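What you see is a predicted model, and the numbers here were worked out from it, not measured in a lab.
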Amino acid sequence: MTEMKEFNVNGAVVKAYPLPAAQRMHNYTVKYACPQVLNIGTGLYVQQDVDFGLLKQAIYKAYERFESMRIRFIEDEDGTMYQYIVPNEERDIILHDFSHWREEAAHNEMRKWTAVPFKRCNSPMNLVAMIKLPNGFNGIYLKADHMTMDSSSIIGFHRDVLELYCNLKYGTDMPKPMMSYIKQIEKDLEYENGSEARKNDEKFWDEEIARSEPMYTDFTGLGRLLTQRRETGNPDLRSAIITSTSLEAAISVYHLEKEPSERLMQFCRDNNVPMTSLLLMGLRTVLSQFNGNEKDVSVKTNVARRGKISEKRCGGTRIHFFPLRTILEPELTFLEGIKEIQKEQNRIFRHAEFDPIELTAKRARYWKLRPGASYESISLTYQPLSLQDDKDKMPDIAYKSMWYTNGVAAQPLYLTVMHRPEDNGLNFNFEYKKDVVTEEEMQYLYYYICRVLFRGIEDKNRTIGEILEMI
């Protein structure tokens, strides 16, 4: 593990920390892609007149509370990246008045902002602006670098600004204190520095890789794998390359209405299963159906690593990704399948501190994968955080949230399922590379995921085989 270093920045000596695995993963990505690939653009707007002077105060206060919003990166003489925290943010928070624009034109303008890359060293890694939209909606736009924020911390920052504003405007309670980002970084680096926990995790993943070779299942069907079997002359090939000549990407968002979203959540409560497991059951069943009812299905699943309060409220980026492989017999019931997925998730989560890039390299070496080959065609993240969690603290007004594409992507297909702030319904956000995936394929995939989910929850004792026949 690289040790902590001191750097002289503009005459001041700063204490800088190495990047732990979650950040190295993104740093690796940006080295082999265009700079804006790590940009995340979001907006949160309320249908209410806003005191922008108080909103600016709330944003500055949130900067003060979030160490991770004050991260700077710096490289040593060997090109190794480090990070340090500046004591405060003094940048102006600009107000942009789009109230007389067409709303879609305003959002397109913010999409352009989202595509502008950050300077990577000794420079702020986020941008916050105050926004006036048409139809009485006002709020904030946030652009952040993925090396400094994940979806949990982005939602956490939006909520913090909103709660701080409500405290200033209405005298509501102050939000709970944030936790130290640097202390979490120190714990992550301590784990990586030859700890027994890391050795045990490495042993687990080595055994997991050697168990047996997984099977690739594509979100468009068998075509890609069959073509590559012919091209390689290997009829038993079990991995595939999703070829791409461009990083150009888009986001398609499908809105599941409030009532059916609530039915899914109620099913999870009634049967004591996580929403992630239910969504994975829907996705892996569709992949099975698209690939000749294949029983062996792998999906790339993302682990938030925020089980403790200190992790939930420290900001930063903590997501690790791992292959989630399930082999489910058609005789299993829908609920039994979900329980098997939950069991597999729990096994993986116990070893989720391990470096995902190292795991990917280990698996490629063991199974002699071709460069770029994988067993997973799609990644899934479920983000449980919602403004509805604090609805007792919030004024009863309409909310609107946006996720803005940066125009490029490193992965062919990435599904994020999140709650809408306005009604707690579920949004299915598909980020996809335009030269690999079409809008029609997204619609088709979303349609079938929903068919599986609602056929399953209406009768949890239906077998997987019966559901496959129904869809």
Side-chain angles (χ1 to χ4, degrees), residues 209 211-246 249 252 254 279-301 321 323-332 334 337 340-341 344 360 363-364 366-380 409 411-415 428 430-453 455-456 462-471:
I209 290 169
R211 196 161 47 122
S212 64
E213 188 177 13
M215 173 64 78
Y216 177 83
T217 48
D218 195 87
F219 52 82
T220 60
L222 285 161
R224 205 181 315 268
L225 181 60
L226 294 178
T227 297
Q228 293 183 35
R229 283 176 172 176
R230 286 195 301 271
E231 290 173 347
T232 60
N234 179 5
D236 300 318
L237 184 69
R238 296 172 70 89
S239 63
I241 301 169
I242 301 185
T243 55
S244 179
T245 57
S246 168
S252 291
Y254 300 99
L279 293 169
L280 282 165
M281 183 63 181
L283 178 57
R284 64 95 51 214
T285 304
V286 173
L287 292 174
S288 172
Q289 206 268 349
F290 285 6
N291 291 270
N293 293 350
E294 174 61 54
K295 294 185 290 186
D296 188 345
V297 177
S298 293
V299 174
K300 193 177 288 183
T301 185
F321 66 85
L324 182 94
R325 181 188 185 189
T326 49
I327 303 172
L328 301 184
E329 298 296 331
E331 294 79 21
L332 285 176
F334 184 74
E340 285 298 310
I341 290 171
E344 191 62 22
T360 300
R363 188 171 66 165
Y366 188 91
W367 291 110
K368 298 179 174 59
L369 296 184
R370 296 163 296 158
S374 180
Y375 303 106
E376 300 85 35
S377 64
I378 183 170
S379 298
L380 173 68
Q411 300 182 62
L413 184 56
Y414 189 172
L415 171 58
F428 288 69
F430 291 90
E431 183 180 51
Y432 61 97
K433 286 190 178 182
K434 288 184 175 181
D435 69 338
V436 175
V437 189
T438 66
E439 176 74 26
E440 291 72 24
E441 286 168 339
M442 292 303 90
Q443 292 173 346
Y444 196 65
L445 183 57
Y446 171 68
Y447 170 76
Y448 273 93
I449 290 172
C450 288
R451 278 184 67 88
V452 170
L453 291 174
R455 287 289 179 265
R462 277 186 179 136
T463 66
I464 294 172
E466 288 171 339
I467 293 172
L468 287 169
E469 289 178 5
M470 293 175 78
I471 65 169

How many angstroms lie between OG in S298 and CD1 in I327, if you round to the nearest 0.5 Å? 8.0 Å
Taken in chain and number order and not counting sequence neighbours, the residues that satisfy side chain to side chain donor-acceptor pair (under 3.5 Å) with S379 are Q411
Applying ring-ring contact (aromatic ring centres under 6.0 Å, His included), name anything that partners Y414, two or more places apart in sequence or on another chain. none
Tell me, which pairs form a salt bridge (charged side-chain N to carboxylate O under 4.0 Å, His left out) where one or both residues lie in residues 462-471, sequence neighbours left out? E458-R462
Heavy atoms, side chains only, cut-off 4.5 Å: are E431 and L415 in contact? no
From OH (Y444) to CD1 (I449), nearest 0.5 Å: 12.5 Å
Residue set satisfying side-chain contact (heavy atoms from CB on, under 4.5 Å) with A364, at least two apart, ordered chain then number -> L369
Which value, rounded to the nearest 0.5 Å, describes the distance between I471 atom CD1 and L453 atom CG? 10.0 Å
Separation between CD (E340) and CD1 (I464), nearest 0.5 Å, reads 9.0 Å
Considering only residues two or more places apart or on different chains, which pairs with a residue in residues 433-448 satisfy salt bridge (charged side-chain N to carboxylate O under 4.0 Å, His left out)? E248-K434
Taking C-beta and beyond as the side chain, do F334 and T463 meet within less than 4.5 Å on heavy atoms? no
Side chain to side chain donor-acceptor pair (under 3.5 Å) filter on S288, not counting sequence neighbours, yields none
Specify the closest pair of heavy atoms between I467 and G456, including all atoms of both residues, with the distance to one decimal. CD1-CA, 3.9 Å
If you define the side chain from C-beta out and look only at heavy atoms, does anything of L380 sit under 4.5 Å from L280? yes
E376 side-chain N/O to P323 backbone N/O, donor-acceptor pair under 3.5 Å: no
Got a donor-acceptor contact below 3.5 angstrom from the R284 side chain to the T326 backbone? yes
Contacts of N293 that satisfy side chain to side chain donor-acceptor pair (under 3.5 Å) - sequence neighbours left out: none
Flag side-chain contact, heavy atom, 4.5 Å: V437 against F219: yes
Applying side-chain contact (heavy atoms from CB on, under 4.5 Å), run through Y448 and T285 and close with a yes or a no. CA-CA 9 Å; Y448 273 93; T285 304; over 6 Å; no
What's the shortest heavy-atom distance between V436 and P412, and which atoms? CG1-CB, 4.1 Å
Quick one: side chain to side chain donor-acceptor pair (under 3.5 Å) partners of Y375, sequence neighbours excluded? E213
Spacing of L287 atom CG and Q289 atom CD [to the nearest 0.5 Å]: 10.5 Å
ring-ring contact (aromatic ring centres under 6.0 Å, His included) partners of F428, counting only residues at least two apart: Y446
Can a donor-acceptor pair be found between the side chains of T301 and R325 at a distance below 3.5 Å? no
The criterion is side-chain contact (heavy atoms from CB on, under 4.5 Å); which residues satisfy it with N234, sequence neighbours excluded? T232, D236, L237
Look up atom CG in L445 and atom CZ in F290, then write down how far apart they are to the nearest 0.5 Å. 6.0 Å
Sequence neighbours excluded - salt bridge (charged side-chain N to carboxylate O under 4.0 Å, His left out) pairs with any residue from residues 216-230: D218-R224
Determine whether I241 and Q228 make a side-chain contact, defined as any pair of heavy atoms from C-beta on separated by less than 4.5 Å. yes
Please report the closest heavy-atom contact between K295 and P330, naming both atoms and the distance. CD-CD, 3.8 Å
For S239 and L225, which heavy atoms make the closest approach, and how far apart are they? O-CD1, 3.5 Å
Test your reading of the model: is there a side-chain donor-acceptor pair from R238 to the backbone of P214, 3.5 Å cut-off? yes
For the student: nearest non-hydrogen atoms of S374 and Y216, plus distance: O-CD1, 3.4 Å
Residues which pass ring-ring contact (aromatic ring centres under 6.0 Å, His included) with Y366, listed by chain and number, not counting sequence neighbours: none
I need the minimum non-hydrogen distance between T217 and D296, along with the two atoms involved. CG2-O, 3.8 Å
